[in-house]
Amino acid sequence: MYVAVKGGERAIDAAHDWLAEERRGSPEIAELSIAQIREQLALAVNRVMAEGSLYDPDLAALAIKQARGDLIEAIFLIRAYRTTLPRFGSSLPVETNHMACTRRISATFKDAPGGQILGPTFDYTHRLLDFALMAEGLPAAAPGSGAPEGVTSPGAPPPEMPRITDFLNRDGLIQEEHPDAETPPDLTREPLEFPANRALRLQAITRGDEGFILGMAYSTQRGYGRNHPFVGELRFGTVSVEAEIPELGFSIEIGDIELTECETVNQFTGSKTEPPQFTRGYGLTFGHTERKAISMALVDRALRWEELGEDNAGVPAQDEEFVLSHSDNIQGTGFLEHIKLPHYVDFQSELELIRKLRAEAQAAMHQEAAE
Amino acid sequence: MRDAMIFEGGFSDVSRDSARAFRSAMNAMAHPGRKFDLTGAKPPAPLSEAAAGLLLVLADANTPVFLTGEHDTDLIRGWITFHTGTALATTPDQASFALGTWDALLPLRQWPAGSAEYPDRSATLIIEHPGEGETARLSGPGIQTHQDCALPAITPFRDNAAQFPLGLDFYFCQGSTVRALPRSTKVEAI
Amino acid sequence: MSDYNFAYLDEQTKRMIRRALLKALAIPGYQVPFASREMPMPYGWGTGGVQVSAATLTPEDTFKVIDQGADDTTNAISIRKFFEKTANVGTSEKTEEATIIQTRHRIPETELQEGQILVYQVPIPEPLRFLEPRETETRRMHALEDYGLMHVKLYEDIARHGAIATAYAYPVMVQDRYVMDPSPIPKFDNPKMEMAAIQLFGAGREQRIYALPPYTKVVSLDFEDHPFDPSKAEHPCALCGAEDSYLDEVITDDQGTRMYVCSDTDYCESRRATGHIGTEGTQPEEVFA
């Protein structure tokens with residue numbers, strides 16, 4: 001006698017209990033606090049905010065804790081939460097010109113007004129495991145060696161930090177960007193439609209998977225749509241967010257957020273109508289996420305081939321539909337992992353078909369042999 | 001008084017009443033020519049309960065509503081914008097929904113009928129219709145053999161169906177009842 | 001879950017989905033783009049079906065969920081629990097009791113009636129996608145009713161295998177206009193799509209909704225000399241003896257012995273409850289005693 005497997009409901013509950021236990025790990029080890037994750041795993045928190053499209057370090061830290069450090073899972077938790085939030089309005093465009101920069105570098109000029117600010121970067125660290133970090137309970141390093149003081153004086157708006165690309169623009173050496181008053185389409189409220197405009201592309205890339213965008217950007221450097229980028233400027237710091245309050249009739253500051261912005265300067269040989277000049281790629285991401293911001297700028301630049309009159313080399317990074325349709329890791333991981341679900345009905349229909357085709361093929365072979 | 005008339009008359013339990021009203025709207029669209037109850041809204045006259053219910057369920061800031069003729073009153077404008085947050089359309093070609101009596105909605109060609117690539121980008125006409133007129137025989141998706149139904153005319157609906165997959169979709173409202181006529185329905189005189 | 005709205009989605013989102021559903025019913029077989037939301041379950045696990053169900057459920061509904069034809073598979077249970085919690089609706093495993101049935105990969109064996117709604121979870125809504133990956137191209141093909149590519153593919157199958165080598169997600173022509181993907185149901189289920197119930201299809205990740213009103217003409221693509229063949233395993237169900245139902249093949253021992261049982265668990269149990277017993281079956285009461 002055969003009895004089909006039952007008890008799926010109990011299995012699910014048991015799996016959830018087990019998961020909770022595994023998440024906690026050994027109870028002899030102190031539990032992580034949200035504040036610890038927020039403060040000590042800040043770059044993970046930043047990535048979750050950037051790809052989750054929700055600026056809230058505490059919630060991102062919670063998501064990382066709940067997801068056992070699986071960042072894509074954490075991004076998923078944030079996205080699913082974000083989509084339930086009511087929308088009260090939109091902010092004014094943030095002024096990154098007035099960013100209070102903790103880091104600001106240019107690869108195109110040795111020095112420039114505003115200066116090179118190295119900031120807290122891994123760039124020149126030797127990647128040697130620091131075994132001292134294994135020794136826990138040491139007192140915190142004395143302040144003073146870290147953040148420089150007086151980057152901004154509290155209360156006063158930060159001074160304008162000039163843009164490297166503006167110096168090039170002044171001489172007509174770089175293609176000019178014009179302000180656009182049009183409200184950009186909203187990827188989270190309207191179905192994606194092709195062709196997409198640049199605002200929509202940037203919106204998709206900034207929440208796109210860091211690894212995917214990095215891979216796309218890297219492919220352009222290796223010749224799949226090569227466009228010779230220089231990091232014109234990379235800046236990271238705090239900007240204030242302002243929103244217009246209809247009842248007041250003017251805008252007020254509603255908070256500060258940290259952003260990373262990257263502008264690349266790319267070669268352009270000119271066209272029949274345009275003399276040679278540099279072109280730009282642009283990246284803007286939540287938090288300190290500079291690998292993503294630079295990658296974003298490279299991919300943005302590659303996707304602008306048509307607008308800049310370049311040839312379509314037929315490479316992946318130039319293909320808007322390919323990049324935008326596959327950059328979202330929540331969509332990607334969901335569809336990829338769904339093949340774990342039972343598919344035995346479809347598999348059964350394939351089995352039947354293959355058996356039938358094989359039987360027919362074998363019958364035909366016998367027939368031939370007999371003749 | 002006027003304000004009270006604007007603020008009153010929405011669904012009392014928004015999510016559940018909307019779900020029930022949508023079921024009627026969907027059943028109507030899936031069974032062309034068949035009558036369904038669509039209740040719960042208490043709008044200012046001459047807006048019918050069914051037409052108001054349809055707007056409460058379907059209209060919002062993304063779907064401009066065009067009001068025609070006797071339905072284009074301050075009171076109805078106020079009621080619809082308060083309860084749905086819709087931006088009223090100022091020209092017919094912007095309309096996602098158009099509301100009025102049959103005569104006020106003519107000619108049909110002024111309403112967007114979609115494009116070959118996006119036939120869904122078309123208007124839905126919400127017609128206050130007393131249920132008189134010519135008897136039409138309907139057939140097509142949603143209809144097992146045929147369905148007889150009174151329409152204000154025959155030819156305009158036949159022409160609309162001839163554009164399929166482009167075209168308009170129609171709701172006929174009478175009091176608290178609704179019937180639908182999608183573009184996929186074949187319309188013949190009997 | 002009391003912090004969430006009835007059936008989870010906010011009213012604004014439901015309104016957008018409801019509009020798409022009505023357009024889908026008005027243009028049978030056409031894929032209506034909709035702004036799919038991130039749901040608290042992964043893309044690819046039924047987010048499209050869940051959003052359609054959420055926008056369609058009323059408090060009076062009786063909800064049934066099947067995956068592979070079964071009510072007790074883990075994903076079916078998970079989705080059913082989601083709506084028990086967020087919409088507080090009644091649920092049933094009985095096909096004839098349910099007013100809304102959300103399904104993955106099957107159409108129930110019991111014939112559906114007017115007043116019932118079948119909601120399909122769809123992974124790839126575009127029937128032409130595996131022949132042409134670009135959305136811009138496939139959209140143009142549908143606009144021009146240019147389905148030559150599909151016929152070429154089916155014809156190549158015949159040239160190579162002597163038969164159309166598609167066993168599930170077998171494409172259909174809807175009302176002589178749109179080629180449609182029936183979702184990954186086995187082709188055995190295709191003929192059932194001309195039914196009395198409303199059929200709604202939701203693809204969350206791909207942001208598409210489409211629909212079939214009752215009695216819509218649905219024809220599986222074929223050629224005159226190679227007519228469509230909705231075949232299945234040629235066995236009766238080992239539990240209930242049914243010869244008209246779609247069967248799962250189960251390996252029962254290390255020697256690879258097989259048995260065939262109904263994939264529709266409700267159909268199988270109902271038959272056994274009324275005394276139809278197959279070679280390996282018992283009445284369901286005894287099984288659980």
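A, B, ... follow the sequence lines: proteins, then strands. Residue 1 opens every chain.
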In a check of side-chain contact (heavy atoms from CB on, under 4.5 Å) between B/Phe22 and each of C/Ile17, C/Thr58, C/Leu22, which one passes? C/Leu22
Ion pair C/Arg19/B/Asp120, N-O distance below 4.0 Å: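 So C/Arg19 does not pair with B/Asp120 through a salt bridge.
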Decide, yes or no, whether a salt bridge links B/Arg20 with C/Glu60 under the criterion of side-chain N to carboxylate O below 4.0 Å. yes
Tell me, for [X] versus chain C, whether the close heavy atoms (under 4.5 Å) come from the side chain, the backbone, both or neither.
X: B/Asp17; result: neither
X: B/Ala180; result: neither
X: B/Leu54; result: neither
X: B/Leu181; result: neither
X: B/Tyr118; result: both
X: B/Asp60; result: both
X: B/Ser96; result: neither
X: B/Phe170; result: neither

Max heavy-atom pair count under 4.5 Å with chain B, selected residue of C/Gln175, C/Glu194, C/His142: C/Gln175
Interface residues of residues 23-36 of chain C facing chain B - non-hydrogen atoms under 4.5 Å apart: C/Lys23, C/Leu25, C/Ala26, C/Ile27, C/Pro28, C/Tyr30, C/Val32, C/Pro33
Contacts with chain B made by residues 102-120 of chain C (heavy-atom distance under 4.5 Å), listed by residue number: C/Glu114, C/Ile117
Chi angles and distances behind the side chain to side chain contact (heavy atoms under 4.5 Å, CB included) call for B/Asn62, C/Gln12: CA-CA 10 Å; B/Asn62 299 318; C/Gln12 172 72 27; 3.7 Å; yes
Which of the residues [options] is involved in the greatest number of heavy-atom pairs with chain C at under 4.5 angstrom?
options: B/Pro182, B/Gly167, B/Ser18; value: B/Ser18
options: B/Ile143, B/Asn27, B/Val14, B/Thr145; value: B/Ile143
options: B/Pro119, B/Ala30, B/Gly140; value: B/Pro119

[X] [atom1]: over 12 foreign heavy atoms closer than 6.0 Å:
X: C/Lys153; atom1: NZ; value: yes
X: C/Arg134; atom1: CZ; value: no
X: C/Arg140; atom1: CZ; value: yes
X: C/Lys81; atom1: NZ; value: yes

Which atoms of [X] come close to chain B, meaning under 4.5 Å heavy atom to heavy atom: side chain ones, backbone ones, both, or neither?
X: C/Leu200; value: side chain
X: C/Asp10; value: neither
X: C/Arg18; value: both

Are any of the side-chain heavy atoms of B/His31 and C/Pro213 separated by less than 4.5 Å?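 Not in contact.
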Min side-chain heavy-atom separation C/Tyr178-B/Pro165 under 4.5 Å: yes
To check you understand the geometry: which heavy-atom pair defines the closest contact between [X] and [Y], and what is its length?
X: C/Arg15; Y: B/Ala59; result: CD-O, 3.2 Å
X: B/Gly142; Y: C/Thr216; result: N-OG1, 4.2 Å
X: C/Ile100; Y: B/Arg23; result: CD1-NH2, 3.3 Å

Nearest 0.5 Å, what's the CZ-CG distance between B/Arg16 and C/Leu57?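 B/Arg16 atom CZ to C/Leu57 atom CG measures 11.5 Å (nearest 0.5 Å).
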